[in-house]
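Working notes, beginning with the structure itself.
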Amino acid sequence: MIVLQQMIVLFIIMMIGFWAFKKDIIDSVTSKKLSSIVVNIANPAMILSGVIGDTSQIQGKDLMITITASIVLYLVLLVIGTILPKFLHIPKKSEGTYSVMTVFSNIGFIGFPIISAVYGSGALLYASIFLIPYNILIYTYGIQMMKQGEKETFHWKKVINIGVIFCIISIFIFITNITLPTWIENIISTLSNLTAPLSMMVIGASFATMNVKELFYDGKLLLFSFVKLLLLPIIGTLIAKQFINNFALCGVIMIMLSTPVGSMTAMLAQEYNGDYGLASRGVAITTLLSVITIPIVSAIVMNG
C-alpha cells in the first residue's frame, strides 16, 4: 500500500511537469537545467542522506551481502540482455538497444526516491552500492551494444562521475562512522528532498513532446515491458528472498529490478548511433506502466 501511494504521488508530480511544459512554464532548456540539478546536486545529496543520522539498522555483513548481490544481479541481467532480444525476434539493428534497455533501469530518478520513501534513507546505502557496477557497465557494455560491436576506447573519467563519487563517499562515511555537524546534515537532507519532485517533473515534461498513444501500438515493446517490469522483478526478488534475510535489502533489489528503462539509454543511443527512437519509446512506455507495475510487483513479492 505504501508503494502504491508513493507511485501515485510521483505520477501526479509527473503530470504537473507535463502540464507545466504544455503551459510554457517549463521549456526544453529549463527541463535540461532541472535535470542537471537532479544529477549533480539533489541525487548525490540523497545518496549521502542514507548514511547520516541514525544508521544503526545497517550492519557491515549486510553491506558485503549487498556488494555480492549487486554483482550477481548485473551478471544475470547481462545474460538476459543477450538472450531476450533474440527471444523476442528483434531486428538486428535494434538488438543492442533492447539489450541496454534490459540491463539499465532508472534507479537514480525513480528508484532512489521510491526506496527513500518506502524503506527509509538508511536503505539508500544499499541502493548506492548498485550504482557503482551500473556506471561501470553503462560506459562499457552499454556503449558497445549501441555501437553494435564497434570498438570504443574505455575511459575511467566517464565511469568516475559524481554519482559514483558520492556512493564511495557514503560508504566511507558509513565504514568510518564519521559524524557530520548538524547544519551539514540539514543541508544534505534539504537538497535530497529535491530529487523526487524535480526528477518526476522532468520526466513528465518529456512526455509532452511525444505522441503517447503511439507508444501502445508496438507489440514487441509492450511484450518487452511486461518482461522487464513484471516477470524479471517478480522472479528475481523471489529468488533473492531465498538467500537474503533482510527485508530492506530485498526491497531495494525489487525496486532496482522493477524500475523503468533508464533515460541514459536514450542518450547513449543518440550519441552512438543506436536506435534512438526505440530507446525513447522504451523509456516513455516503461515509465508510464511502472506507475501500475511497481505496486503490483511489491504486493506479490514483498507481502509474502
Side-chain angles (χ1 to χ4, degrees), residues 1-14 65-66 69-70 72-81 83-84 87-88 98 100-120 122-124 126-131 133-134 195-196 199-200 203 215-216 220-263 265 282-304:
M1 189 64 181
I2 297 176
V3 176
L4 176 60
Q5 291 174 350
Q6 182 61 20
M7 290 307 299
I8 291 173
V9 169
L10 294 179
F11 179 74
I12 291 173
I13 297 173
M14 195 188 304
I65 293 174
T66 307
S70 68
V72 172
L73 176 71
Y74 281 107
L75 285 175
V76 172
L77 285 176
L78 289 174
V79 173
I80 295 174
I83 298 173
L84 186 58
F87 177 78
L88 296 176
Y98 266 98
V100 175
M101 291 196 300
T102 302
V103 177
F104 303 104
S105 300
N106 200 336
I107 63 176
F109 272 28
I110 296 181
F112 275 70
I114 296 175
I115 290 167
S116 179
V118 177
Y119 300 104
L124 289 172
Y126 299 137
S128 68
I129 298 297
F130 288 81
L131 202 58
Y134 181 101
T195 305
S199 61
M200 289 302 102
I203 291 172
L215 296 176
F216 295 92
K220 289 185 178 179
L221 189 56
L222 286 173
L223 182 57
F224 165 80
S225 299
F226 169 78
V227 174
K228 179 169 179 61
L229 298 177
L230 288 173
L231 203 58
L232 288 183
I234 289 173
I235 294 174
T237 309
L238 289 175
I239 292 174
K241 288 178 70 176
Q242 302 303 309
F243 298 94
I244 301 173
N245 187 26
N246 182 311
F247 181 77
L249 178 52
C250 287
V252 168
I253 291 172
M254 185 269 292
I255 297 297
M256 293 291 103
L257 287 171
S258 58
T259 43
V261 173
S263 55
T265 60
V283 172
I285 194 169
T286 55
T287 300
L288 287 172
L289 292 175
S290 69
V291 176
I292 301 170
T293 58
I294 290 177
I296 292 173
V297 172
S298 178
I300 292 174
V301 303
M302 298 306 293
N303 296 330

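What you see is a predicted model, and the numbers here were worked out from it, not measured in a lab.
Minimum heavy-atom separation, Ser225 to Leu289: CB-CD1, 3.9 Å. When all heavy atoms are compared, the tightest approach of Thr259 to Leu229 is O-CD2, 4.0 Å. Closest approach of Ala196 and Leu10 over heavy atoms only: CB-CD2, 4.1 Å. Across all their heavy atoms, Ser105 and Tyr134 have their closest contact at O-OH, 2.9 Å. Pairing each heavy atom of Ala240 with each of Ile253, the nearest pair is CB-CD1, 4.1 Å. For Val252 against Ala123, the heavy-atom pair with the smallest separation is CG2-O, 3.8 Å.
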- Task: Could you give me the CA-CA distance, side-chain angles and deciding distance for Met256 and Ile115, then say whether side chain to side chain contact (heavy atoms under 4.5 Å, CB included) is met?
- Result: CA-CA 9 Å; Met256 293 291 103; Ile115 290 167; 3.4 Å; yes
- Item | Stepwise side chain to side chain contact (heavy atoms under 4.5 Å, CB included) test for Met101 and Leu221 | CA-CA 11 Å; Met101 291 196 300; Leu221 189 56; 4.2 Å; yes
- Item | side chain to side chain contact (heavy atoms under 4.5 Å, CB included) between Asn246 and Tyr126, worked out | CA-CA 11 Å; Asn246 182 311; Tyr126 299 137; 3.4 Å; yes
- Step by step, work out the side chain to side chain contact (heavy atoms under 4.5 Å, CB included) result for Thr66 and Ile244. CA-CA 9 Å; Thr66 307; Ile244 301 173; over 6 Å; no
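For the pairing with Val227, the side-chain contact (heavy atoms from CB on, under 4.5 Å) check across Ile80, Leu84, Thr102 returns one residue only, Leu84.
Between Met200 and Pro113, the closest side-chain pair of non-hydrogen atoms is not below 4.5 Å. Annotation: side chain of Ile255 is not in contact with side chain of Phe112 (no heavy-atom distance under 4.5 Å). Put simply, the side chain of Ser298 reaches to within 4.5 Å of the side chain of Met254, judged on heavy atoms. Contact of the Tyr119 side chain with the Phe247 side chain is registered, since non-hydrogen atoms from C-beta on lie closer than 4.5 Å. With a 4.5 Å cut-off on side-chain heavy atoms, Pro260 and Ile110 count as touching. A 4.5 Å side-chain heavy-atom check between Ile203 and Asn106 finds at least one atom pair inside the cut-off. Contact check for Val261 versus Thr287: no side-chain heavy atoms found under the 4.5 Å cut-off. Phe11 is not listed as a side-chain neighbour of Met7, based on a closest heavy-atom distance of 4.5 Å or more.
Here Ile13 contributes atom CD1 and Ile8 contributes atom CD1; the two are 12.5 Å apart, rounded to the nearest 0.5 Å. Rounding to the nearest 0.5 Å places CD1 of Ile235 at 10.5 Å from CG of Leu230. Rounding to the nearest 0.5 angstrom, the gap separating the OH atom in Tyr98 from the CG atom in Leu88 is 7.0 Å. Within the model, atoms CZ of Phe226 and OG1 of Thr286 stand 15.0 Å from one another, a figure rounded to the nearest 0.5 Å. With rounding to the nearest 0.5 angstrom, the OG atom of Ser70 is 9.5 Å from the CG atom of Leu249.
For CZ of Phe87, the number of neighbouring non-hydrogen atoms (other residues, nucleotides, ligands) closer than 6.0 Å is 12 at most.
In this structure, a donor-acceptor pair under 3.5 Å is absent between the side chains of Lys228 and Ser258.
A donor-acceptor pair under 3.5 Å is absent between the side-chain atoms of Thr237 and the main chain of Ile234, judged by distance alone.
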